[in-house]
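For the single chain, residues carry numbers from 1 onward in sequence order. Order of listing sets the numbers, starting from 1, for every ligand and every atom in it.
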Amino acid sequence: MSREIVLLGDPVLRQKAEPLALDGRADDDTRQLVDDMLEAMHDKKGIGLAATQVGERVRVFITNAPDDRERVFLNPEIVETSIETEVIEEGCLSIPGVNADVERPARVRVQAWSLKGRPFVLEADEMLARVIQHELDHLNGRLFIDHLDEDERSRVLSEYEELREAEAATNS
Ligand code: NI
């Protein structure tokens, strides 16, 4: 089953996702959700996707950062962040076509559960650390544009509006 990625303006993107009740191996619904999310992410050539972006309010995200493998995080929590920060350009499949520089911690330690129901801890840096922070934000109803100052945020939002209008004009 393929799932649509919801776009900016959909209220689900602003909602906090609920933890999964994990008792050993993830249940069939969760496994199906992850499969669908992987398909949707690859379809759009994304490097990460959170469950809220396909309209499911559960604490699940996936990553496929450059030079890394596919990863699945259930009930993820960032348990440590570096003091050192980094500015990296971000985009989002729910706000397609626009990008902006965002400053965040350079490294994170994340704790989560695998589909097999095993807890793990991962130390991430570079793009993987960035994607993890961006996706975890989604599970808390936060988007990358929330990290921008007012001017940069309006620039990104008006650029996005223009893109959508141009797209609507082409499709009509
Ligand atoms: Ni995103």
Contacts of the Ni ion (ligand 1) with protein N/O/S atoms, counting only those under 2.8 Å:
Cys92 SG, His134 NE2, His138 NE2

Under the rule for side-chain contact (heavy atoms from CB on, under 4.5 Å), what residues qualify as partners of Glu165, not counting sequence neighbours?
Glu161

Arg104 bridged to Glu90 by N-O distance under 4.0 Å:
yes

Any salt bridge between Arg3 and Glu56, counting N to O under 4.0 Å?
yes

Does Arg155 pair with Glu152 as a salt bridge, N-O distance under 4.0 Å?
yes

Do the side-chain N and O atoms of Glu70 and His42 include a donor-acceptor pair separated by under 3.5 angstrom?
yes

Arg31 with Asp36: basic N within carboxylate O range, under 4.0 Å
no

